[in-house]
Amino acid sequence: MSAISEPGAAPRSRVVEQPGHGESFTEHMISMEWSEAEGWSEARTTPLEDLRIHPGMLGLHYGQVAYEGLKAHRRADGSMGVWRPYDHARRFQRSCRRLAMPELSVETFVAAVDRLIDADQGSLSDDPAHSIYVRPIMFATDTSLMLRESRTYRFLVMAFVAGGFFGDGVESVSVFASHTYSRAFPSGTGDVKVAGNYAPSFLAQREAEAAGCQQVLWLDAAERRYLEEMGGMNIFLVRGGGDRAQVVTPALTGTLLPGVTRDSILTLAERLGHEPVEERISLDRWRAECEAGVMTEAFACGTAAVVTPVHRVVDRGSEWTIGSGKPGPVTLALRSALTDLHHGLAADPDGWLHSPVDHRRR
Ligand SMILES: *Cc1c(COP(=O)(O)O)cnc(C)c1O
């Protein structure tokens, strides 16, 4: 594990009172470089600043770029808690491996995240709806247009202050099943967080918006029958109601991103007495079960979206409403269970909330 350099006399960050959507960057970044001969360099903390890159930088042309997204919240006592950074570190290793990039040890990844939180926690207000969204990224830095893997890489960690993803309240969204485009296909890269997965989704998002929906619902690429996930979110359905409700999510078939939030919700569902279920579910069956009153709620989840209710589905020109069209009780209970854990307000038997180490005092 590499040592983390001192931040020097960097001034503490100013509080961001009104976070935008991904543009209220905090003031620092962490950088490391990798080469075959030297391995990973020591981590440096610097002000967040523009990069100087050669126009022929390999990662820019061939997409050898992997990233993560995780959040830190302020606890009631003012201390910071980072949500499941070790799980994000392990997923980052899988993403990098899939793109033939060097791996970063889990400890180095978490130390870099801690270091940035330590430097920039002053940007976060006391508003519990706000959080620091941390964005680690690794990219290929060789100057070469040969179609080959790079021999040098850079790892950066930056962050922005996040408000509520879809606004600060619990607003619900409508989804549009895409029959035109696919997000992922078997043995591709749908199960890792790599940059190339996202640009191809923008046209589908346009199509969804043109149909009056906020989000794309991705179906499996082979048959276009089974639910997979949403833009940067996994999807959950609630079957039945009350204590015996099933909390259902599409099974991980290799074309879905295994969300850390998805995993948290499956555990919390069981803790609240529900039955967590991972199954392959078709759009037609979902619709039939909604119309029969069996499926009562639906929601999307992810680091950015937290838990966001889904109230309407548009599929090939027809549409249906989920339950009453209002956020359901199981959805809201899971949402509060999760946000309580984020803020250190609930028992945390799995040790998911991590306290960043203050590196200056070590
Ligand atoms: C990041 C992401 C998610 C959510 O993962 P979390 O770990 O919960 O943030 C879901 N789907 C896709 C495609 C993603 O990129």
Side-chain angles (χ1 to χ4, degrees), residues 63 66 69 91 94-95 98-99 173-211 213-239 246-263 265-266 269 275-292 294-295 297-305 307-322:
R91 187 170 68 194
R94 285 204 302 107
S95 301
R98 179 66 181 80
L99 296 189
V173 296
S174 50
V175 296
F176 175 83
S178 179
H179 289 266
T180 317
Y181 303 104
S182 300
R183 194 193 78 88
F185 46 85
S187 66
T189 57
D191 60 346
V192 288
K193 233 172 165 70
V194 301
N197 285 350
Y198 300 89
S201 72
F202 295 158
L203 265 185
Q205 178 66 25
R206 274 195 196 168
E207 211 178 44
E209 284 166 17
C213 293
Q214 280 115 326
Q215 285 290 323
V216 178
L217 175 67
W218 294 108
L219 305 176
D220 74 289
E223 298 182 65
R224 288 196 200 290
R225 282 180 59 202
Y226 298 99
L227 307 190
E228 294 214 317
E229 58 176 321
M230 289 163 58
M233 292 159 269
N234 293 111
I235 187 162
F236 275 86
L237 316 174
V238 178
R239 189 180 273 131
Q246 283 186 343
V247 175
V248 182
T249 197
L252 297 177
T253 52
T255 48
L256 282 76
L257 200 280
V260 174
T261 317
R262 175 186 181 279
D263 184 75
I265 294 288
L266 285 169
E275 185 190 347
V277 180
E278 295 174 82
E279 68 180 37
R280 277 202 105 191
I281 178 158
S282 70
L283 198 53
D284 289 341
R285 172 152 174 228
W286 184 24
R287 179 179 192 149
E289 289 194 33
C290 283
E291 286 169 353
V294 176
M295 282 289 188
E297 304 177 30
F299 61 90
C301 74
T303 296
V307 168
T308 296
V310 174
H311 67 273
R312 189 168 70 100
V313 188
V314 174
D315 176 32
R316 287 164 294 191
S318 73
E319 59 175 83
W320 68 94
T321 301
I322 318 250

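What you see below is based on every heavy atom in this structure, not just the backbone, and it leaves out hydrogens, waters and symmetry mates.
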Exercise. Passes side chain to side chain contact (heavy atoms under 4.5 Å, CB included), Thr249 versus Leu266? Steps please.
Worked result: CA-CA 8 Å; Thr249 197; Leu266 285 169; 4.0 Å; yes

For this session: Could you check if a side-chain atom of Asp315 sits within less than 4.5 angstrom of a side-chain atom of Trp320, using non-hydrogen atoms only?
Result: yes

Exercise. Could you state the interatomic distance from CD (Glu229) to CZ (Phe236), rounded to the nearest 0.5 Å?
Worked result: 11.5 Å

Exercise. By salt bridge (charged side-chain N to carboxylate O under 4.0 Å, His left out), which residues pair with Glu291, not counting sequence neighbours?
Worked result: Arg287

Exercise. Excluding sequence neighbours, so at least two apart, what forms side chain to side chain donor-acceptor pair (under 3.5 Å) with Ser174?
Worked result: Gln214

Exercise. Should Leu237 and Leu227 count as side-chain neighbours, where that means a heavy-atom distance under 4.5 Å?
Worked result: yes

For this session: Just jot down the side chain to side chain contact (heavy atoms under 4.5 Å, CB included) partners of Arg206, sequence neighbours excluded, or say none.
Result: Leu203

Exercise. Can you name the residues that form a side chain to side chain donor-acceptor pair (under 3.5 Å) with Ser187, not counting sequence neighbours?
Worked result: none

Problem set entry | Value rounded to 0.5 Å, distance of CD in Gln246 from CZ in Arg239 | 5.0 Å

Problem set entry | Any residue meeting side chain to side chain contact (heavy atoms under 4.5 Å, CB included) with Phe185, in chain and number order, not counting sequence neighbours | Ala221

Below 3.5 Å, can you tabulate the donor-acceptor pairs from side chains in residues 255-263 to any protein atom, sequence neighbours excluded?
residue	atom	partner	partner atom	Å
Thr255	OG1	Glu228	OE1	3.3
Thr255	OG1	Glu228	OE2	2.6
Thr255	OG1	Thr253	OG1	2.9
Thr261	OG1	Thr303	N	3.2
Arg262	NH1	Glu278	OE1	3.4
Arg262	NH2	Pro250	O	3.0
Arg262	NH2	Glu278	OE1	2.7
Asp263	OD2	Arg84	NH1	3.0
Asp263	OD2	Arg84	NH2	2.8

For this session: Report yes if the side chains of Pro200 and Tyr181 come closer than 4.5 Å at any heavy-atom pair, otherwise no.
Result: no

Problem set entry | Heavy-atom check, side chain of Val175 versus side chain of Met233, under 4.5 Å | no

For this session: Kindly write out the residues that satisfy salt bridge (charged side-chain N to carboxylate O under 4.0 Å, His left out) with Arg225, not counting sequence neighbours, or none if the list is empty.
Result: Glu223

Problem set entry | With Phe202 via ring pair (Phe, Tyr, Trp, His ring centres under 6.0 Å) - residues at least two apart | none

For this session: Compare all side-chain heavy atoms of Thr308 with those of Gln215 and state whether any distance is below 4.5 angstrom.
Result: no

For this session: Determine the minimum heavy-atom distance between Arg224 and Ser178, stating which atoms define it.
Result: NH1-O, 3.9 Å

Exercise. Does any pair with a residue in residues 185-201 pass salt bridge (charged side-chain N to carboxylate O under 4.0 Å, His left out), and if so which ones, sequence neighbours excluded?
Worked result: none

Problem set entry | Set of side chain to side chain contact (heavy atoms under 4.5 Å, CB included) partners for Ala211, sequence neighbours left out | Phe176

Exercise. With sequence neighbours left out, what residues match Glu319 under side chain to side chain contact (heavy atoms under 4.5 Å, CB included)?
Worked result: Arg312, Val314

Exercise. Below 4.5 Å, heavy atoms only, C-beta onward: do Ile322 and His311 meet side chain to side chain?
Worked result: no

Problem set entry | Pairwise side-chain contact, Leu283 with Leu217, heavy-atom cut-off 4.5 Å (strictly under) | yes

Exercise. How close do Leu99 and Gly63 get, heavy atom to heavy atom, and via which atoms?
Worked result: CD1-O, 3.9 Å

Seminar exercise, completed: Here the pair of heavy atoms bringing Asp220 nearest to Tyr226 is OD1-N, 2.8 Å

Problem set entry | For the student: nearest non-hydrogen atoms of Phe299 and Val307, plus distance | CD1-CG1, 3.6 Å

For this session: Could you list the residues that satisfy ring pair (Phe, Tyr, Trp, His ring centres under 6.0 Å) with Trp218, not counting sequence neighbours?
Result: none

